[in-house]
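Below is one structure; the comments refer to it alone.
Predicted, not measured: the structure shown is a model, and the values here were computed from it. Both backbone and side-chain heavy atoms feed into the values below; hydrogens, waters and symmetry mates do not.
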Amino acid sequence: QVQLVESGGGLVQAGGSLRLSCLASGGTFSRYIMAWFRQAPGKEREFVGCISWNTVSTLYADFTKGRFTISRDNAKNTVYLQMDNLDPEDTAVYYCAADLVAWGAESPRDYHNWGQGTQVTVSS
């Protein structure tokens, strides 16, 4: 089991940027595929993107449209989500997740380690 703690959320104007961080502890961070999900009020949790253990591969949901970038620093046990050109529709609670899953897993059910989430609010 790995424990995950997100940070970096907040209120930003449309067109602005935020960088979320997720610090892992209690497990071998470098083994896990790390993913970001988000959940808006009244909606299901949805996949944002993920990054392979060796940082070589990333996968993003279509809605990110090149605006979001996931990176990780295995020496710091941290994964990041850089979000640029934010839109009010990006308002949600953002969660990081970790698991030893097959590459390309996009369902929340595939991940068994979750952070508590961090709120991102984009104003128009």
Side-chain angles (χ1 to χ4, degrees):
Q1 290 286 340
V2 60
Q3 289 76 50
L4 304 172
V5 179
E6 302 97 334
S7 61
L11 174 65
V12 64
Q13 290 188 331
S17 298
L18 279 176
R19 188 176 83 153
L20 307 183
S21 300
C22 174
L23 176 64
S25 62
T28 307
F29 177 75
S30 60
R31 296 179 58 198
Y32 290 94
I33 289 177
M34 300 298 299
W36 287 95
F37 288 79
R38 70 182 189 181
Q39 189 166 18
K43 295 187 177 181
E44 294 186 351
R45 193 167 298 190
E46 66 177 345
F47 177 77
V48 174
C50 61
I51 186 166
S52 62
W53 67 271
N54 58 3
T55 77
V56 169
S57 299
T58 52
L59 178 67
Y60 296 97
D62 289 344
F63 68 78
T64 64
K65 297 177 184 177
R67 301 178 299 130
F68 294 4
T69 304
I70 298 175
S71 61
R72 67 190 291 170
D73 185 338
N74 287 342
K76 295 182 178 180
N77 286 359
T78 302
V79 62
Y80 304 97
L81 176 63
Q82 176 68 40
M83 303 186 292
D84 299 316
N85 194 21
L86 284 161
D87 184 272
E89 292 193 353
D90 295 316
T91 295
V93 177
Y94 284 71
Y95 298 90
C96 70
D99 218 309
L100 302 174
V101 294
W103 178 247
E106 298 185 16
S107 170
R109 293 185 297 273
D110 294 323
Y111 294 83
H112 298 91
N113 300 284
W114 292 87
Q116 83 288 350
T118 185
Q119 176 71 47
V120 171
T121 303
V122 185
S123 63
S124 57

Can you name the closest pair of heavy atoms from [X] and [Y] and give their distance?
X	Y	result
A98	M34	CB-SD, 3.4 Å
G115	Y95	O-CD2, 3.6 Å
A105	F47	O-CE1, 3.8 Å
S124	A14	CA-CB, 4.3 Å
N113	Y32	ND2-CE2, 4.1 Å
L18	L86	N-CD1, 3.9 Å

Going hydrophobic residue to hydrophobic residue with side-chain gaps under 4.5 angstrom, can you get from [X] over to [Y]?
X	Y	result
L4	V79	yes
I51	L20	yes
V5	V48	no
W53	V101	no
Y94	F63	yes

Check: [Y] and [X] side chains under 4.5 Å, non-hydrogen atoms:
X	Y	value
V122	D87	no
T78	F29	no
C50	W103	yes
L23	S7	no
Q3	Q1	yes
D90	R67	yes
M83	W36	no
T91	Q119	yes

Would you check if the side chain of E6 reaches a backbone N or O of Q116 as a donor-acceptor pair within less than 3.5 Å? yes

For R72 and S52, indicate whether the former's side chain and the latter's backbone hold a donor-acceptor pair under 3.5 Å. yes

Interatomic distance, [X] atom [atom1] to [Y] atom [atom2] [nearest 0.5 angstrom]:
X	Y	atom1	atom2	value
C22	W114	SG	CH2	10.5 Å
F37	E106	CZ	CD	8.0 Å
F68	R38	CZ	CZ	5.5 Å
N85	S17	CG	OG	8.0 Å

Test log, rule side-chain contact (heavy atoms from CB on, under 4.5 Å), inputs S30 and T28: CA-CA 6 Å; S30 60; T28 307; 3.8 Å; yes

Is the cationic atom of R19 (NZ for Lys, CZ for Arg) positioned less than 6.0 Å from the six-membered ring centroid of Y80 and within 45 degrees of its normal? yes

Does E89, at its CD atom, have more than 12 non-hydrogen atoms belonging to other residues, nucleotides or ligands within less than 6.0 Å? no

